[in-house]
Student: 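Before anything else, here's the structure in question.
Computed from a predicted structure; not experimentally measured. Letters go in sequence order (proteins before strands), and every chain restarts at 1. Every heavy atom of this structure was used, including side-chain atoms; hydrogens, water molecules and symmetry mates were not.
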There are 2 protein chains.
Amino acid sequence: MDVEQGPRRRQRRKEARPSEIIDAGLSLFSEHGFAGTRLEDVAKRAGIAKGTVYLYFPSKEALFEAAVKERIVSNMDAMGQLVASFEGTTAELLRRFFETIYTHMMEGDAGILMRILIGEGARFPHLIELHRKIAMQRGLETMKAMLKRAEARGELRIPAEDIDPRMIVAPLALFAIAKDIFPRDSIGTREDFIRRHCDLMLNGMLAR
Amino acid sequence: MDVEQGPRRRQRRKEARPSEIIDAGLSLFSEHGFAGTRLEDVAKRAGIAKGTVYLYFPSKEALFEAAVKERIVSNMDAMGQLVASFEGTTAELLRRFFETIYTHMMEGDAGILMRILIGEGARFPHLIELHRKIAMQRGLETMKAMLKRAEARGELRIPAEDIDPRMIVAPLALFAIAKDIFPRDSIGTREDFIRRHCDLMLNGMLAR
DNA sequence: CGATTTAATGACTCTATGGTCATTAATAGC
DNA sequence: GCTATTAATGACCATAGAGTCATTAAATCG
């Protein structure tokens with residue numbers, strides 16, 4: 001309403017702009033990729049003029065970088081917390097872990113950002129590096145901690161070092177990144193997906 | 001040599017051009033993404049002038065599409081053949097299956113193409129659709145056949161329908177697509193990777 | 001209620017590159 | 001060897017969109 005015919009255009013809202021611009025950028029990046037997104041459109045969606053974007057971010061790339069920092073790092077920390085404080089079986093921990101990832105990657109923005117990093121990352125070696133250090137490193141640490149914990153509790157079939165943590169999260173990560181290229185039949189409900197994913201990782205396919 | 005100071009520039013080689021151009025495009029797309037690749041550079045790498053590219057492909061997008069068709073479809077067929085003709089345990093079949101995928105995605109061009117589809121696919125709804133129909137559909141059929149076969153042999157712990165085939169190949173697919181964003185420590189040798197992947201999918205993590 | 005500060009604007013510039021096409025020359029046919 | 005055909009060329013055009021900046025006006029202050 002305020003936007004439609006509001007008497008006051010040209011509001012001065014220094015504090016609120018950055019995150020509004022990031023939100024607008026994120027939604028357009030996810031629709032059109034990085035190269036395919038026009039700063040003009042980001043501005044329009046944020047309800048401001050193009051020049052205003054440059055008041056807060058020195059370049060398109062800087063805007064993207066701010067989005068990555070804001071949305072991915074906190075997610076990794078959330079997972080670290082979960083593992084550090086959890087008491088219970090590994091099966092239950094893994095389920096909770098997957099739920100957290102699902103929330104951030106499938107329902108939040110982390111999946112979108114990773115998709116863009118993957119597809120257009122060649123353009124931003126700097127960003128890839130940042131992501132590797134800030135996000136990936138932490139995520140893998142957390143998963144290794146989870147495996148060590150399981151090993152210490154005598155729950156593992158094989159030594160913890162023989163399990164590549166990346167394999168465990170691969171299904172969730174892949175779908176978050178690539179759901180568009182899979183046949184459209186849904187991946188089912190959140191609960192269903194997580195249950196199947198857990199079961200496969202914990203017990204495998206084969207009868208014994 | 002021939003190129004360096006060769007007496008004959010401007011050779012007429014109608015037959016050889018298309019695949020040479022596709023090769024050049026593929027290598028540049030993988031380095032710079034789709035949007036980041038200049039047709040001028042593709043031409044240079046193929047040893048021809050920019051206009052010549054347009055003699056064989058009507059647009060940049062058409063060139064990319066040709067690459068997808070040529071490199072992905074045949075791969076899917078290779079996997080179908082394998083499953084249809086295999087005799088032996090599911091464990092062994094899965095290993096062979098993974099080897100085939102590894103060859104095409106990690107060592108061949110299929111991974112690169114999928115990475116670009118994912119990252120910049122919003123620009124080519126048509127291409128995503130093509131890929132879904134031509135490649136994904138076949139791949140999933142093949143995997144379902146493999147699961148049904150295992151079920152019929154009494155090797156499965158759970159009904160075949162309860163296993164999402166995409167989860168089984170997710171680790172390989174994810175690494176093929178996203179290896180750049182993971183920490184640089186290698187994923188190990190091909191054999192190692194496949195062995196671990198198989199073992200995890202077949203037997204899971206937990207002691208029983 | 002002026003005067004001052006600075007957030008916001010959007011018309012403009014400048015570059016990069018996808019795509020065109022008149023010209024050139026390599027081959028084929030005679 | 002001459003002519004016709006057409007593959008190959010690269011200078012050129014047109015456009016899009018990132019980034020700039022002189023101007024405008026909202027807030028602040030006295």
Student: Taking the minimum atom-to-atom distance to the side chain of A:I48, which one of D:dA8, C:dA8, C:dT9 wins?
Tutor: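 Output: C:dT9.
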Student: Starting at atom CZ of A:R38, determine the distance to atom P of C:dA16, rounded to an integer number of angstrom.
Tutor: 20 Å
Student: Nearest whole Å is fine: how far is D:dA7 C1' from B:I21 CD1?
Tutor: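 Value for this atom pair: 12 Å.
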Student: Please determine if a side-chain N or O atom of A:R12 lies less than 4.0 Å away from the OP1 or OP2 oxygen of D:dA27.
Tutor: no
Student: A:A49 has a side chain; which of C:dG10, D:dA18, C:dA7 sits nearest to it?
Tutor: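 Nucleotide nearest to A:A49's side chain: C:dG10.
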Student: Please work out if A:F57 contacts a base, only the sugar-phosphate, or nothing of the nucleic acid, heavy-atom cut-off 4.0 Å.
Tutor: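 No contact.
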Student: Specify the separation, in whole Å, of atom CZ of B:R13 and atom P of C:dA28.
Tutor: 14 Å
Student: Can you check whether B:F193 and B:F175 have ring centres sitting under 6.0 Å from each other?
Tutor: yes
Student: Please report the distance, rounded to the nearest Å, between NZ in B:K44 and C1' in D:dG10.
Tutor: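 One finds 12 Å between C1' of D:dG10 and NZ of B:K44, rounded.
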Student: Roughly how far apart are B:R196 CZ and B:D199 CG, rounded to 0.5 Å?
Tutor: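 Taking CZ in B:R196 and CG in B:D199, the distance rounds to 10.0 Å.
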Student: Would the number of heavy atoms belonging to other residues, nucleotides or ligands and lying under 6.0 Å from CD of A:E161 be above 12?
Tutor: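 Enclosed.
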Student: When you look at B:R123 and B:E120, which way does the salt bridge (charged side-chain N to carboxylate O under 4.0 Å, His left out) test go after all the steps?
Tutor: CA-CA 6 Å; B:R123 283 279 191 79; B:E120 305 183 77; 5.5 Å; no
Student: Pick out which of B:I168, B:D162, B:D164 makes a side-chain contact (heavy atoms from CB on, under 4.5 Å) with B:L147.
Tutor: B:I168
Student: Whole Å only: how far is the CG atom of A:D41 from the C1' atom of D:dG17?
Tutor: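 In whole Å, D:dG17 C1' lies 10 Å from A:D41 CG.
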Student: Flag this pair as yes if the NZ/CZ of A:R166 is under 6.0 angstrom from the six-membered ring centre of B:F182 and inside a 45 degree cone about the axis; otherwise no.
Tutor: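 A:R166 over B:F182 ring: yes.
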Student: Pick out the pairs of N or O atoms, protein on one side and nucleotides 19-22 of chain C on the other, that lie under 3.5 Å.
Tutor:
residue : atom : partner : partner atom : Å
C:dG19  : OP2  : B:Y54   : OH           : 3.1
C:dG19  : OP2  : B:K60   : N            : 3.1
C:dG19  : N7   : B:K50   : NZ           : 3.1
C:dG19  : O6   : B:K50   : NZ           : 2.6

Student: To the nearest angstrom, how far is B:L55 atom CG from D:dG10 atom P?
Tutor: 14 Å
Student: A:E15 CD to C:dA8 P: how many Å, rounded?
Tutor: 10 Å
Student: Is there a side-chain polar atom (N or O) of B:R17 under 4.0 Å from OP1 or OP2 of D:dA8?
Tutor: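 Yes, such a contact exists.
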Student: Rounded to the nearest angstrom, tell me the gap between atom CD in B:Q11 and atom C1' in D:dA7.
Tutor: 12 Å
Student: Would B:R17 and B:T52 count as having a side-chain donor-acceptor pair, cut-off 3.5 Å?
Tutor: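 There is no such pair (donor and acceptor under 3.5 Å, judged by atom type) between the side chains of B:R17 and B:T52.
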